[in-house]
Amino acid sequence: MIDFRVINQAQFVSAKRLWGAAIGAKLLIFSLGVWTVFIGPTVIYLPQFILALVVLSEMLQLRSDDKKSRAEGLLRTLDVCSLFNHEISVADKRDIVYNVPRNLRKRFEGKNIQDLYFSNSHQEGPQRAVENLLESAWYTRHQAGLMVGIYICLIIGLLALSIVTLIVALREIDSNELKNQVVKVVTACLLLIVSLNMFKASWSYFKMYQRCQKTENICEHLLRDHVTMADAQKQWYEYQLTRATSPLLPQWLWKIRGSSLDDAWHRACGKNR
């Protein structure tokens with residue numbers, strides 16, 4: 001039997017790694033530019049190498065987006081089937097397994113597979129669906145909020161560093177040639193903000209944070225009343241739509257904050273581990 005949750009987690013991990021590799025390629029391009037301005041001699045094939053890195057970063061980003069799309073689609077399928085007591089069709093199962101390389105398929109096999117993705121796995125129906133949606137939105141909100149803070153700190157840090165560097169260069173450096181080099185590097189730092197889509201990413205994470213906060217409020221309101229199947233499906237659909245159009249949450253963020261979030265959730269729910 002194939003564990004589709006494990007496959008889904010592997011898809012997200014692969015998408016995040018490709019995303020990280022794309023960012024790494026862009027940072028390498030920036031580093032090469034700084035090296036050329038200050039330290040390194042003129043290299044004949046450097047422009048061609050940088051062009052190759054640009055193409056590589058774009059290809060990695062496209063591949064990451066494709067992996068993310070597949071992972072989000074499978075996650076939606078698994079959530080709907082788990083929460084609303086539906087079965088994954090045989091055709092969908094074949095397609096899911098087909099997209100896993102043959103030499104890796106044994107890694108996802110198991111005899112007694114239990115779906116422990118959500119902490120509440122006992123009852124079925126709209127009540128459980130809304131409770132699990134509340135859990136998912138809570139976890140996502142806190143991670144998205146951390147990413148907003150990280151991006152804002154990076155943007156403010158780069159802008160402040162650029163301004164301070166320009167002021168110091170204009171006041172303390174006498175050589176016009178060295179001043180021009182500093183201006184080039186500062187310009188590259190500012191372009192780095194654009195090339196890494198920092199403004200767009202921070203805004204996207206903020207929108208995700210807002211959507212999760214709204215979802216939590218609606219779920220808490222629904223749980224105080226009678227939850228209908230239509231309400232549960234509507235909220236899941238809107239939440240999944242936002243999640244599918246939002247950027248990935250880095251794997252390193254979960255490694256750093258995951259255990260703390262788990263502990264806080266289970267302690268608040270009276271389910272200490």
Side-chain angles (χ1 to χ4, degrees), residues 12-69 143-210 242-254 256:
F12 275 113
V13 170
S14 178
K16 292 173 183 180
R17 286 175 178 171
L18 290 167
W19 176 45
I23 293 175
K26 292 178 181 179
L27 291 174
L28 180 58
I29 293 169
F30 171 75
S31 301
L32 287 172
V34 174
W35 175 77
T36 302
V37 170
F38 280 106
I39 304 172
T42 302
V43 181
I44 297 176
Y45 297 106
L46 184 61
Q48 292 88 334
F49 181 64
I50 291 177
L51 177 61
L53 283 176
V54 170
V55 174
L56 177 63
S57 68
E58 292 301 320
M59 291 177 64
L60 288 171
Q61 186 61 58
L62 289 173
R63 184 60 177 161
S64 174
D65 292 341
D66 179 64
K67 288 270 190 180
K68 177 181 180 292
S69 177
Q143 293 178 80
L146 285 170
M147 288 305 298
V148 172
I150 290 170
Y151 268 104
I152 289 176
C153 289
L154 285 173
I155 292 170
I156 293 176
L158 285 173
L159 290 175
L161 180 63
S162 300
I163 293 171
V164 171
T165 302
L166 282 176
I167 293 173
V168 172
L170 292 174
R171 289 184 177 180
E172 304 296 334
I173 298 176
D174 296 326
S175 171
N176 289 329
E177 182 180 354
L178 186 56
K179 284 182 180 179
N180 290 333
Q181 290 178 335
V182 171
V183 169
K184 289 178 182 178
V185 173
V186 170
T187 303
C189 286
L190 296 177
L191 290 175
L192 185 64
I193 296 176
V194 178
S195 64
L196 294 180
N197 295 320
M198 289 189 180
F199 286 110
K200 180 182 178 181
S202 60
W203 177 250
S204 298
Y205 283 122
F206 179 67
K207 296 299 290 182
M208 180 193 288
Y209 176 90
Q210 284 187 316
T242 301
R243 188 172 59 188
T245 56
S246 299
L248 286 164
L249 294 167
Q251 191 70 15
W252 55 261
L253 182 65
W254 178 254
I256 295 173

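Reckoned from all heavy atoms, side chains included, excluding hydrogens, waters and symmetry mates. What you are looking at is a predicted structure, and each value in this text was computed from that prediction instead of being measured.
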Mind telling me whether W203 and F206 have parallel, tilted or perpendicular rings, with 30° and 60° as the class edges?
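Ring orientation of F206 relative to W203: tilted.
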
To the nearest 0.5 angstrom, please state how far the [atom1] atom of [X] sits from the [atom2] atom of [Y].
{"X": "L27", "Y": "L53", "atom1": "CG", "atom2": "CG", "answer": "11.5 Å"}
{"X": "S202", "Y": "Y151", "atom1": "OG", "atom2": "OH", "answer": "8.5 Å"}
{"X": "M147", "Y": "L248", "atom1": "CE", "atom2": "CG", "answer": "10.0 Å"}
{"X": "Q143", "Y": "I256", "atom1": "CD", "atom2": "CD1", "answer": "11.0 Å"}
{"X": "N197", "Y": "I23", "atom1": "CG", "atom2": "CD1", "answer": "9.0 Å"}
{"X": "K207", "Y": "T245", "atom1": "NZ", "atom2": "OG1", "answer": "10.5 Å"}

Looking at K26 and S195, would you say the former's side chain and the latter's main chain have a donor-acceptor pair under 3.5 Å?
yes

Between K68 and F12, is there a donor-acceptor pair closer than 3.5 Å when you use the side chain of the first and the backbone of the second?
no

Could you walk me through whether V194 and L190 pass the side chain to side chain contact (heavy atoms under 4.5 Å, CB included) test, one step at a time?
CA-CA 7 Å; V194 178; L190 296 177; over 6 Å; no

Does this structure show an ion pair linking R63 with D66, if we count only N-O contacts that are shorter than 4.0 Å?
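Looking at R63 and D66, the cut-off is met.
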
Check step by step if side chain to side chain contact (heavy atoms under 4.5 Å, CB included) holds for D65 and L18.
CA-CA 9 Å; D65 292 341; L18 290 167; over 6 Å; no

Could you report the tightest heavy-atom contact between S57 and A22, atom names first, then the distance?
O-CB, 3.5 Å

Of the non-hydrogen atoms in A144 and M208, which two are nearest, and what is the gap between them?
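Here A144 and M208 meet closest at CB-SD, 3.7 Å.
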
Measure the shortest side-chain to side-chain distance between S246 and Y205 over non-hydrogen atoms and say whether it is less than 4.5 angstrom.
no

Side-chain heavy atoms of L60 within contact of W19, under 4.5 Å
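SC-SC contact between L60 and W19 ruled out.
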
Please step through side chain to side chain contact (heavy atoms under 4.5 Å, CB included) for the pair L154 and I193, ending with a clear verdict.
CA-CA 9 Å; L154 285 173; I193 296 176; over 6 Å; no

Step-by-step side chain to side chain contact (heavy atoms under 4.5 Å, CB included) determination, L146 to L249:
CA-CA 10 Å; L146 285 170; L249 294 167; over 6 Å; no

